[in-house]
Amino acid sequence: MSTPFNHQEVETKWRKRWEENPINVNDGKKEKYYCLDMFPYPSANGLHVGHWRGYVISDVWSRYKMMQGSHYVIHPMGWDAFGLPAENYAIKMGVHPARSTAENVDKIREQIKQIGAIYDWDMEVNTTDPDYYKWTQWIFVKMFEKGLAYQKEMPINWCPSCKTGLANEEVVNGKCERCGSEVTKKDLNQWMLKITAYADRLLEDLNKLDWPEKVKKMQTEWIGRSYGAEVEFPIDGREEKLTVFTTRPDTLYGATFMVLAPEHELAKSLATQETKEAVEAYIEATANKSNVDRVQSKEKTGVFTGSYAINPLNGEKIEIWLSDYVLADYGTGAIMCVPAHDDRDFEFAKKFGLPIVQVISKDGKAEELTEAYTEADGIMINSGDWNGMQSASLKMEAPSMIEKKGFGKKTTNYKLRDWVFSRQRYWGEPIPIVHCPDCGPVAVPVEELPLLLPEVESYQPTGTGESPLAAIEEWVNTTCPKCGKAAKRETNTMPQWAGSSWYFLRYVDNHNDQELVSKEKADRYLPVDMYIGGVEHAVLHLLYSRFWTKFLYDIGVVGFDEPFTKLFNQGMITGKNGIKMSKSKGNVISPDDLVRDYGCDSLRMYELFVGPPDQDAEWDDRGIDGVYRFLSRLWNMVLTNLDADVKEDEELLRIRNSMIHDISTRLENFSLNTVISGFMEYNNTLVEKTRNGGVDKETLKTFVKMLAPFAPHVSEELWERLGGTDSVFHEPWPVADKKAMEVKEVEIAVQINGKVKTTAKIPVDIAKEEAIRIAKESLADKLPDNIVKEIYVPGKIVNLVVES
RNA sequence: GCAGGAGUGGCGGAAUGGCAGACGCAUCAGACUCAAAAUCUGACGUAGGUGACUAUGUGUGGGUUCAAGUCCCAUCUCCUGCACCA
C-alpha cells in the first residue's frame, strides 16, 4: 500500500538527483529562452516570502518553457552588491564591505537554493567583483570617449542623510528614494551621462516592447516630450533677449507679462534701482526654500523686476516678473504668460493685477473670464492677422510661422534630465578618470581596467561633497595617462544603478576577460525574452538599462537595442493590513520555517495561490495548509491508482483533455493562481473517480507532467513511481485533443425572463426547437402560457421571454 | 489637479455578455478516537419557510440587452504613478 507523503524525504532525494544530473542542459541544438529575474541586493536581512514570489513565478515559467517546445532556458541569478547598507555596516562595525557582502551573498544564495529553482549557478555574476566592474568602467570610458559622459557644475539633488548626490529618478516626492530623507540642493561638480541624447529613441522604442502599459506610461511621462516653439522677447532698453519655451505659440498675442525663475541668469540684473532690494530678497528667499516647500505652497508668490520686455508680435511693452512657479531647469527657465489661457498664469495675473487678454474664444467674441480658457479649440481674437483662425490648427502652424518671422523657432522639450552619475560614497565602482592640470579629464586606458577600489581607513562619507576616496593620497595622486605629468584621480564612485544596467549581458559570458560579452554569445542568447520583477524600477533600472543597451548597440557591442522583450511585474507580498514587510515593522515572514514544515513545493504553490500574480497580496500563513492538503491528497490518489491498472474510458479521456486545455490556457494567460485552483479541481474530480472505478495511468502521468513546473519535487517522485525513467522535465508539455473533450449531454439553465427556474439535460448537438421543447418540459407546471420570445444559446441556456 | 487600476460571502479570490461566489482559508455539524491532533463526510451570501422552495444579492444611481459582476453614462470610496513641465 502507499507510503504517506513525506516532503522532506522527497525533496532531499530530488535535489541531489538534479545536482548529479542537471535537467536544463544546453546541447547547442535546442532553441533558447531567456527568463530573467531582477537580481537582488544581498541584504543582511535575508529573504522573506515576498522575495520568493517573483522567483517562483520565473522558475515556473522557465520550467514550463523548458517542457513546451523543448527550450534550453537561460535562468541565471546574481548579485547587485554595491550600495549603502554594506557601507553603512562598515562605518558602524569596521568590517570591509567586501567581506560583509560576501557573507550576505553566501547566506542568500543558500536561501534561494531553497526555492528549488533551476538557476544555473555557473552563470552567477556579482557587480562588486573586479572582473565584473572592469566592464562597468569600460562602458563608462566608452561613453566618455563618445562625449556622453561629461562633467558639470550645477545644483544637484543632495541627500543630507546618505551624504551623496542623487539622480532625478532617485528623488520621489522630494524625498530620497532609499532613505526617505528630504532632498536638498547642493552645488557640485558632477559626472553626468547624456541620457537625453537618447530621449526620442527611449520614447519611441517603447512601442516595440511587450511590457505592462503602466510601465510604458510611466517612462513616457518621465521622458515627457512636448512640442512647441522657442520665442525671443527683446528686453526694453537692453541688448539681451529673453527666450521662452511654449507649447502654445498660438496664444502669443495674449502674452501680457513674463515670468523668470528666480535662478534665471538675468534675474538679478533686470532689477532697477527701486526694485533691487525686493528682487534680491525674493531670490534669496527662494534659494532657502526646500524642494518640497516650493512645490507644496499652493499660493503664488512673485516680484516685479522693474524691467519690461517687448511682445515680438504686437510690440507691446510687458512687465517682467520673477516667481518660483517657473522652474529653472525646464525649458529656458523663463515663460511668456498668457493668463487668459493658462491656469497658473491666470492665478498669478489675478493676484498681482496684471492684464488679461483673451485670444481664443468659443464663438469669436470675448467674454468675462472667471478662469483660464484652456481648451485648444476656438476662434482667434485680439490676435492681429491671426484673427478668425481656428486655434487648434494655428497651434500646429504657429511654430514655423514664428520661425519665418525671425523671432523664434520650432523646438521640442523633454522633462528627462541627464543622469547625475557620481556619488560621494565609498562602496561603488571608481569612476576611471584622471584629472590632469594640462589635459583636463582623461580616461584611464582600458587595458589598465579594472581600476580597483582601494582600501580605506574610514568609510565615513565626508558630507562636504567629497568621496571618502579623496583622503587616500597615494591612490589619488597619480600621473596623467596622456602626458605623464602629476595628476589626480577622480574620487567619486558610480551609482548603484551602474552595475545593474548591463548585468543581463554578462550572465551568458561571465568569464570572458577580453570582452564584456562575446558578439557570438550575445547574438545567440539575448535579448531577454521574459523579465520578472517588481514595478519599483519602472523609471530607474528599466530606463537606465535601456539607455545602456542602446549605447552598446550603437558602438557595436550587441546587435539589439532593447534588452527586455517582455516584462512582468509581480505584485508585492505584504504583511497584515497591506503593510510592507520590513524588519523595523517586525512583520517579516521568513520562508525558512515554512519550507521545513510544509516543504518547498507547498510554499511554491501557495506563493502563486495567494492571489493574481500581478497584484499585491496579504500574506496569511494559514492558507498554506490548503495546498499542503492538496499535495497529500494528490499523492494518495496517484499511489492508490498505481497498481490498479485501470483502463481509460471515454470519461477519463474527456477529463484528461479538458484538464490539459484548462490548465494550459490559464498558464498561457499567466493566471497562475487559477492554475493552482485548476489542479485542485481536477484532483477533486480524480479523487472522486478513484473511489468510483479508478483512474488510468495516462491521466495520472498527464497530471504529474503539468504539475511539475509548480511542484517539481513531488512531481519527479510521482513520475518515477508511475514508471518514468528520465526526468519529468524532459517530457513535452501535453497537448489537448479537442475532440476527446466533447461531451454528448450538457446541463443547461432554463430561464424565464432571464431568471433561472430550473435546469435540463439535453444532447449537445440538438436543434434549437428540440432544446426549447425539452426546456419547456422541464418547467412542467411552471411553464408560462404567454411566451413572446424563445432564446437558445447552444449548450448554455434556454430563456423564455414572457409578456409582463 | 491629471493619468491608470480596483471595489464580489467572515477572509483570499473565481467567473470568452449566458446558472454569481469555482478553488482555498476560517467556522459549524457528523464519522473515526478513551481523548486530542491528523484524516474523512456534510453545511456554509442575506431574509423568510420544518421543507422541496421563495425573494434578494457583485460600492451607489441610471441606461443598453431576451440576459449585466462583465458594456455605456453619472457618482462615491480606496490604491498606484505624475504633480506649477509653460
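Quick note on labels: first sequence line is chain A, next is B, and so on, each numbered from 1.
The residue A:R417 sits close to a base: some heavy atom pair falls under 4.0 Å. As judged by a 4.0 angstrom heavy-atom cut-off over every strand, A:S323 is placed among residues making no nucleic acid contact. Residue-level contact check: A:N684 touches the backbone only, with heavy atoms under 4.0 Å from sugar-phosphate atoms and none from bases. When heavy atoms are screened at a 4.0 angstrom cut-off, A:V326 is found touching base atoms of the nucleic acid. Backbone-only engagement by A:R691 is indicated by non-hydrogen atom pairs under 4.0 Å involving sugar-phosphate atoms exclusively.
The side chain of A:R629 approaches B:rA26 more closely than any other nucleotide in the set B:rG18, B:rA26, B:rA86. The A:V172 side chain lies nearest to B:rC82 when the options are B:rC82, B:rC19, B:rC25. With distances taken from any side-chain atom of A:W222 to the nucleotides B:rC84, B:rC19, B:rA83, the minimum falls on B:rA83. Closest approach to the A:N173 side chain among B:rA83, B:rA86, B:rC19 is made by B:rA83 (side chain taken as heavy atoms from C-beta onward). Closest contact between the side chain of A:D324 and the listed nucleotides B:rG18, B:rC19, B:rC84 involves B:rC84. Counting only heavy atoms from C-beta on, A:V793 has its side chain closest to B:rG18 among B:rA26, B:rC40, B:rG18.
Atom-to-atom, CG of A:D625 to P of B:rG24 comes out at 13 Å; the value is rounded to the nearest Å.
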Between N or O atoms, less than 3.5 Å apart, protein on one side and nucleotides 12-16 of chain B on the other: list the pairs.
unit_1 : atom_1 : unit_2 : atom_2 : d
B:rG12 : O2'    : A:V610 : O      : 2.8
B:rA14 : OP1    : A:N673 : ND2    : 3.1
B:rU16 : O4     : A:K796 : NZ     : 3.1

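For the pair A:K300 and A:F348, the cation-pi test (distance below 6.0 Å, angle within 45°) is failed.
Under the 30°/60° scheme for interplanar angles, the aromatic rings of A:Y330 and A:F245 are found to stand perpendicular. Ring geometry for A:W321 versus A:F352: interplanar angle of 30 to 60°, hence tilted. Under the 30°/60° scheme for interplanar angles, the aromatic rings of A:H541 and A:H537 are found to stand perpendicular.
The separation of B:rC73 from B:rA68, taken at their C1' atoms, amounts to 15 Å, rounded to a whole angstrom. Between B:rA38 and B:rC44, the two C1' atoms lie 23 Å apart (nearest whole Å). To the nearest whole angstrom, the two C1' atoms, one in B:rG13 and one in B:rG45, are 15 Å apart.
Glycosidic torsion of B:rG45 falls outside 90° of 0, placing the base in anti.
Between A:E770 and A:I762, every side-chain heavy-atom pair lies at or beyond the 4.5 Å cut-off.
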